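Notes follow the structure.
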Amino acid sequence: MNISINLNENVNAIKEVLKNCDDVVYRTIEVGESSKTKTLMVFVDGLANGKVISEFAIESILKISKLNKINTESIMSNISEKVSDEFLAIHDIKEEYDLDKVIEMILIGETALLIDGSDKALILSTRGWPSRNVAEPPNETVVRGPRDGFTEIVRTNTALVRRRIRDPKLKVKSMQVGRRSKTDIAIMYIEDIASDEILNEVIRRIEKIDIDAIGESALLESLIDGNHLTPFPLIENTERPDAVAASILEGRIAILTDNTPFALLVPTTVGTFFQSSEDYYTKWPMASIFRFIRLSAALLTVLSPALYIAITSFHPGLIPSVLAFYVAASRINVPFPAVVESFLMELTIELLRESGTRVAGPIGSTIGIVGGIIIGQAAVEAGVVSPLKIIIAAVTTISFFAIANYEWALALRVIRFIFMILASILGLYGIMLGVAVLIVHFARLDSFGVPFASPFSGLGLKEGDLKDTIVKAPIQKLKFRPIFTFPKDKRRFRER
Amino acid sequence: MQKKNVISNNQIKNLLVTTIIGVGILSLPSNIAVVLDNDGWIAVLVSGLLIIPFILIIDKLFKMYPNKTIFEIGEEVLGKFIFKIFLIIIAIYATITLAYSIRVFGEVIKAYLLERTPIAVIIITMLLATSYASRAEIEILGRVATMVYPILLALFIFLFLINMPKSDYTDILPLFNADFTKLPRGIMVTIFSYAGYEIIMVAYPLTDNRKDTLKYTLRGLFIVIGIYLAAFFISLSQLGVNQLKRTLWPTIAIAKEVDLPGYFLENLDGIVIALWVLIVYTSVGPLFYIGGKTLSYIFNTKSHDVFILPLIPIIYLISMIPDNIISVYDEMGRILSYFLIASIMAVPAIIFFAALIKRRRRRT
């Protein structure tokens, strides 16, 4: 619908659309002394910055009437330009002819200025809503490294990334998703590194989304990852701008969503889940050891409870006889088979973890103490579980927290229950069947056309991508970008 | 983005190695020692080298008909009817080999890991797990093979290294002492262990770099020959020729001999068998895939995965026919050897020569 010349018609139209929206403010000001011209400002209270509106918009317009410079008769034809050019002290003003667009802009937080007798609205950039400051992300802390994290505002987040890469080739493509929420999405990539095919695929998949609202990037993630049956995340997420910048430089594509500090990174492989941004801030031998520890942590999370079940109930002969006797002796008071014991223990730990993450501060530490005492002593003394099982459960849980990426660790944590069931039915053979099926499952997954199991499954093996996966080679040896992103510009490091 | 249906040469090599090495390696040293005593390695080597001409034939065939699958080539060269008969032979071969492998596998698992579990449970769970791999396409099998390949290599290197200091190498001697008229019979025994190389017939046309495929394939074959020879020599020097002949699965037996002082694990054979499950999995999976693929061409279906699940009960029933492990090796092995020779040697050779004749005729 186009804006009419008559102000009253426009007001009625806007009020009709925004009926019962009591947070919308209509402010009428009359301009001129001899022949009064009506002007109207519409904005959403709270989204628009009231101080800016009062000081730089309303005050400027009121000055017009005081100075009475304006002869409305003579400039009636282009009154909007006049006002915008000569009076308004606002940094960004756009013109809009379409009423629906105007309403959209009002809902973003801009102020619409409508002047009687003009067929366009001025959109004053007055966006300003309460927001969190840039702070250190609580889930991805580092000992050494930058301490800034993303906030809930996509514009701030793109700025945090652009501050790190001042390359004009760093592109930010904006999109909107959600019929109702109209959530802003920014796709960031470096034009001459990122692969066009992957970029087009990302855009194609986002454009295909037809949903009413995107609340968090996790929702976007599950809509574009292309496989909703697997428990494993096919898209990495991070709160750290330095991680996003580093990934973009590798040729990956970042998807930033408004209203959440979590940015998405594609494509993702198994290898990238073992990388942490701190690996690149510590010396390489230590970083390599940490990588190895994370890899073993992943294995331990999945396999250690299952191995416990398999060895105690099927193959006690595999471990040294002294240890086997000890295991048997420690289980002598336990009335349950190893499976039941393990499930009891692992579920208790899950319970503790879940309640620990949901409550914060002093109550959280209470849970820790209660859990520690119950698990550490009472359960053993009551003869519900054996001491060895507690060690296993503790190792499993600690390993879980050692894995760099939370979602990835969570998926591994869930499938350990499947391995426990397999181990309780078929012992070590069952575990190996599970491993084989898991390997095939990894091989079948792909993230935006990139084999998920890379580089272990072949892509990039010859190019040496393992140098930054199992170990972290010194930067002098990482001359080339990883191949899984199919970068246009392969070389990253040159010696002069 | 990686193109669909593309497999790298390295993946082909890994696929070749993991497909060939499977249940055979456990019994190969003793089976051949029964025929040729100390000189069993000659048969291992010769039958391995015998595979080379067939790989060359396949390479040449795909050079003559670029961008075509083996099924399209076979149909064009031999005509639909004759080729379908060949395909039926291959399908029978794949089914019997699967039944054979899975039965031996079940017996080994039962003997070493799950004494009280019925063998039917082991066989069916293995088949079900394998069907997940074989329903996928060949490039996914290539990825799986690449992930399992380092495990396979590490397992054998570890096994050989820990056995080296305690072996008595004089057991290998005397060399060239056997009765060489028995060599053809020996080769018939060892050629079994190279079944599975035919996976390259499916993988070959999908390579991303046609130039080096032959090189990688041959490299894979030599790795297999190397592992087999090492397995033979280590078993021989560890057990001695007389005990080797009497041991059913010498490759596990040598793992049992080792005790690692101060190590966490007491019985290594359990761990070796556990990792061997992966190796069998990657060997049975591609074979199962070939079976499904062949059937899908016989019945002209679009995808091969519809045949995988119905094959499971058939394979299971066939695998349960022999009464015990000895008759698996003897009777089933004998039947299998005819189909084996026909499928992995005769079929590619016939297609190749028919193609040669056809091409020559066209030229004149």
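Since the model is a prediction, treat every value here as computed from it, not as a measurement. The sequence lines fix the lettering, A, B, ..., with proteins before strands; numbering per chain opens at 1.
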Where do B/Met147 and A/Ile439 come nearest, in terms of heavy atoms and distance?
CE-O, 3.6 Å

Only one of B/Ile273, B/Val277, B/Leu114, B/Leu113 clears side chain to side chain contact (heavy atoms under 4.5 Å, CB included) with A/Leu428; which?
B/Leu113

Does NZ belonging to A/Lys462 count more than 12 external heavy atoms closer than 6.0 Å?
no

What part of A/Ile483 gets within 4.5 angstrom of chain B, counting heavy atoms only: side chain, backbone, both, or neither?
neither

State the OG-CG distance between B/Ser8 and A/Leu459, to the nearest 0.5 angstrom.
8.5 Å

Contact origin within B/Leu275 toward chain A - heavy atom pairs under 4.5 Å:
both

Are the aromatic ring centres of B/Tyr112 and A/Tyr429 under 6.0 angstrom apart?
no

Top residue by heavy-atom pair count (under 4.5 Å) with chain A, among B/Thr117, B/Asn10, B/Ile109?
B/Ile109

Chain A contacts: which residues in residues 120-135 of chain B have a non-hydrogen atom closer than 4.5 Å to it?
B/Val121, B/Ile122, B/Thr125, B/Met126, B/Ala129, B/Tyr132, B/Ala133, B/Arg135

Heavy atoms only, distances under 4.5 angstrom: which of A/Phe314, A/Phe442, A/Phe456 has the most pairs with chain B? Name it, please.
A/Phe456

Using every non-hydrogen atom in the two residues, find where A/Ala443 and B/Arg143 come nearest and quote the distance to one decimal.
O-NH1, 2.6 Å

Quick check on A/Ile425 against chain B: is it the side chain, the backbone, both or neither that has a heavy atom closer than 4.5 Å?
neither

Region of B/Ile140 that comes under 4.5 Å of a non-hydrogen atom in chain A:
both

Hey, which of B/Asp269, B/Thr146, B/Asn14 has the most heavy atom pairs under 4.5 Å with chain A?
B/Thr146

Is the shortest heavy-atom distance from the side chain of B/Tyr281 to the side chain of A/Val437 under 4.5 Å?
yes

Keeping the roles fixed (side chain from B/Gln11, backbone from A/Ser457), state whether a donor-acceptor pair exists under 3.5 Å.
yes

